[in-house]
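Each remark here refers to the structure printed beneath this line.
In what follows, chains are A, B, ... by sequence order, proteins preceding strands, each numbered from 1.
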2 protein chains.
Amino acid sequence: MSKSLLTLTPVETAACCSPLLREPLSLDQAERVVPLLKALADPVRLRLVSIVAASEGGEACVCDLNDAFDISQPTISHHLKVLHEAGLLDRSKRGVWVYYAVRREVLADVAALIGGSA
Amino acid sequence: MSKSLLTLTPVETAACCSPLLREPLSLDQAERVVPLLKALADPVRLRLVSIVAASEGGEACVCDLNDAFDISQPTISHHLKVLHEAGLLDRSKRGVWVYYAVRREVLADVAALIGGSA
DNA sequence: GATCAATATTGACAGATGTCGATGTCTGCT
DNA sequence: AGCAGACATCGACATCTGTCAATATTGATC
């Protein structure tokens, strides 16, 4: 875990499986993870993440993303904002274009939390 | 992956990381995974899963779950239904009591999909 | 079979969410 | 300066979602 969604004690780290499955999540912990899951829990956003991740150089221009869907440009922009604000996508402006890149560590953290090595 | 949220070809299986990060998710694939993420993307439900998983014998009675939250019994029942229908919780009735158990393979599938070995 | 306790279902309601069209804000170009 | 293209923001709308109180259902017990 890079920045750690959960704070782990040595004992916990050594145990069998992911924190989610090992011990009851506190309200605090849950509320730290849920925004990330919410951000991913939409077909358009999940595909956006996937398309960005699978793009050359690990990043994609918004213009390309718009073409990949049948929904309006403002809606794509909105979804990208949600993903960015959740911390799942990095944003960098180069000239007129805006590029998004997947923060894989964050995604890995979420994965480790919910499924770990179950 | 137990029942496979995604169908993988040998080539894909051999690659670097999770399907989500390796190649664009199809609409079909996204719509198969999203219900699971939606089910997890709620603080109460995420904690329910966690509490059930961490319980003795890997299962928990609804009565215990009710006590663990400050929300009404019908609401807990509703959340358990959502988790059950998403395929994340198994349900078994014994006498007057209903027990829920986490389907860890499903959780592992989701984790493998979104974070794999990123 | 009457009653009680454990869950589920129903109906209602406020608030969140996905979508759009219209418009705003940059940036590069002529 | 002015224009055109890329992206974001705004305002509106319909739908979805979490929650509750009230009620129904089911199983055990007297």
Side-chain angles (χ1 to χ4, degrees), chain A residues 25 27 30-52 55 57 59-102, chain B residues 25 27 30-31 33-52 55 59-102:
Chain A
L25 228 54
L27 230 170
E31 281 173 353
R32 236 174 301 155
V33 186
V34 162
L36 294 171
L37 290 171
K38 268 198 201 309
L40 290 172
D42 174 278
V44 172
R45 287 197 292 267
L46 194 63
R47 291 183 67 202
L48 277 171
V49 168
S50 181
I51 293 174
V52 169
S55 295
E59 61 177 10
C61 170
V62 177
C63 54
D64 295 330
L65 298 174
N66 280 326
D67 296 342
F69 295 84
D70 276 341
I71 61 187
S72 72
Q73 174 264 320
T75 300
I76 296 286
S77 189
H78 163 68
H79 284 307
L80 289 170
K81 184 181 186 180
V82 171
L83 288 167
H84 176 59
E85 288 180 343
L88 285 164
L89 292 186
D90 269 337
R91 189 176 181 281
S92 70
K93 193 167 185 175
R94 289 208 290 280
V96 187
W97 295 277
V98 173
Y99 292 83
Y100 284 92
V102 175
Chain B
L25 227 55
L27 229 170
E31 280 172 353
V33 185
V34 162
L36 294 171
L37 290 171
K38 267 197 202 311
L40 291 172
D42 175 277
V44 173
R45 287 198 292 267
L46 195 62
R47 291 183 68 202
L48 277 172
V49 168
S50 181
I51 293 174
V52 169
S55 296
E59 61 178 11
C61 171
V62 177
C63 53
D64 295 329
L65 299 174
N66 280 326
D67 296 342
F69 295 84
D70 276 340
I71 60 186
S72 71
Q73 174 266 319
T75 301
I76 295 288
S77 189
H78 162 69
H79 285 307
L80 288 170
K81 184 180 186 181
V82 170
L83 288 167
H84 175 58
E85 287 180 344
L88 285 163
L89 292 187
D90 269 338
R91 189 178 182 282
S92 70
K93 194 168 185 175
R94 290 206 290 279
V96 187
W97 295 277
V98 175
Y99 292 83
Y100 285 92
V102 174

Inset, instruction - May I ask you to say what A/F69 touches in the nucleic acid, namely base, sugar-phosphate or nothing, with a heavy-atom cut-off under 4.0 Å? - result: nothing
Inset, instruction - Kindly point out which of D/dG18, D/dA21, D/dT17 is positioned nearest to the side chain of B/K38? - result: D/dT17
Inset, instruction - Could you tell me the separation between the CG atom of B/D67 and the P atom of C/dA5, rounded to a whole number of Å? - result: 15 Å
Inset, instruction - Taking only the side-chain heavy atoms of B/V62 (C-beta and beyond), determine which of D/dC20, C/dT7, D/dG18 contains the nearest atom. - result: C/dT7
Inset, instruction - Check the distance between C/dT7's C1' and B/R91's CZ and give it to me in whole angstrom. - result: 8 Å
Legend entry - Distance-only donor-acceptor test (3.5 Å): side chain A/Q73, base D/dA6: no
Inset, instruction - Establish, with yes or no, whether the OP1 or OP2 oxygen of D/dT9 is under 4.0 angstrom from a side-chain nitrogen or oxygen of A/K81. - result: yes
Inset, instruction - Identify which nucleotide among C/dT9, D/dA6, D/dT9 has an atom closest to any side-chain atom of B/S77, counting heavy atoms from C-beta outward. - result: C/dT9
Legend entry - Nearest-neighbour nucleotide for the B/V96 side chain, D/dG27, C/dA8, D/dA6 considered: D/dG27
Inset, instruction - Give the intermediate values and the outcome of side chain to side chain contact (heavy atoms under 4.5 Å, CB included) for residues B/V98 and B/R91. - result: CA-CA 7 Å; B/V98 175; B/R91 189 178 182 282; 3.9 Å; yes
Legend entry - Integer-rounded Å distance: C/dG18 C1' and A/L48 CG: 13 Å
Inset, instruction - Kindly point out which of C/dC20, D/dC20, C/dA8 is positioned nearest to the side chain of B/T75? - result: D/dC20
Inset, instruction - Between D/dG18, C/dG28, C/dC20, spot the one nearest the side chain of B/R45, thanks. - result: D/dG18
Legend entry - Atom pair distance, as rounded to whole Å: CG in A/D42 and P in C/dG18: 5 Å
Inset, instruction - Would you indicate which nucleotide in C/dT7, D/dC7, D/dC20 comes nearest to any side-chain atom of A/C61? - result: D/dC7
Inset, instruction - Run the numbers on B/L46 and A/L37 for side chain to side chain contact (heavy atoms under 4.5 Å, CB included), then give the verdict. - result: CA-CA 10 Å; B/L46 195 62; A/L37 290 171; 4.1 Å; yes
Legend entry - For atom CH2 of A/W97 and atom C1' of D/dA4, their distance in whole Å: 12 Å
Legend entry - B/Y100 side chain reached by B/D90 side chain, heavy atoms, under 4.5 Å: no
Inset, instruction - Could you tell me whether the side chain of B/R94 reaches within less than 4.5 Å of the side chain of B/S92, counting heavy atoms only? - result: yes
Inset, instruction - Calculate the interatomic distance between A/H84 atom NE2 and D/dC7 atom C1'; express it in whole Å. - result: 14 Å
Legend entry - Per A/C63 side chain, nearest of listed nucleotides C/dT27, D/dG27, D/dC7: D/dC7
Legend entry - Sugar-phosphate only, base, or nothing, as touched by A/I71 at under 4.0 Å among non-hydrogen atoms: sugar-phosphate
Inset, instruction - Tell me which nucleotide among C/dA8, C/dA5, C/dG21 gets nearest to the side chain of A/P74. - result: C/dG21
Inset, instruction - With heavy atoms under 4.0 Å as the rule, sort A/R94 into base, sugar-phosphate or nothing. - result: nothing
Inset, instruction - Would you indicate whether B/D67, at its atom CG, is surrounded by more than 12 heavy atoms from other residues, nucleotides or ligands within a distance under 6.0 Å? - result: yes
Legend entry - Upstream residue (5' side of DNA chain C) when A/K93 and A/H79 are each assigned their closest nucleotide: A/H79
Legend entry - Name of the residue among B/L65, B/V82, B/V102 meeting side chain to side chain contact (heavy atoms under 4.5 Å, CB included) with B/L48: B/L65
Inset, instruction - Looking at every strand, decide which applies to A/Y99 at a 4.0 Å heavy-atom threshold: base, sugar-phosphate, or nothing. - result: nothing
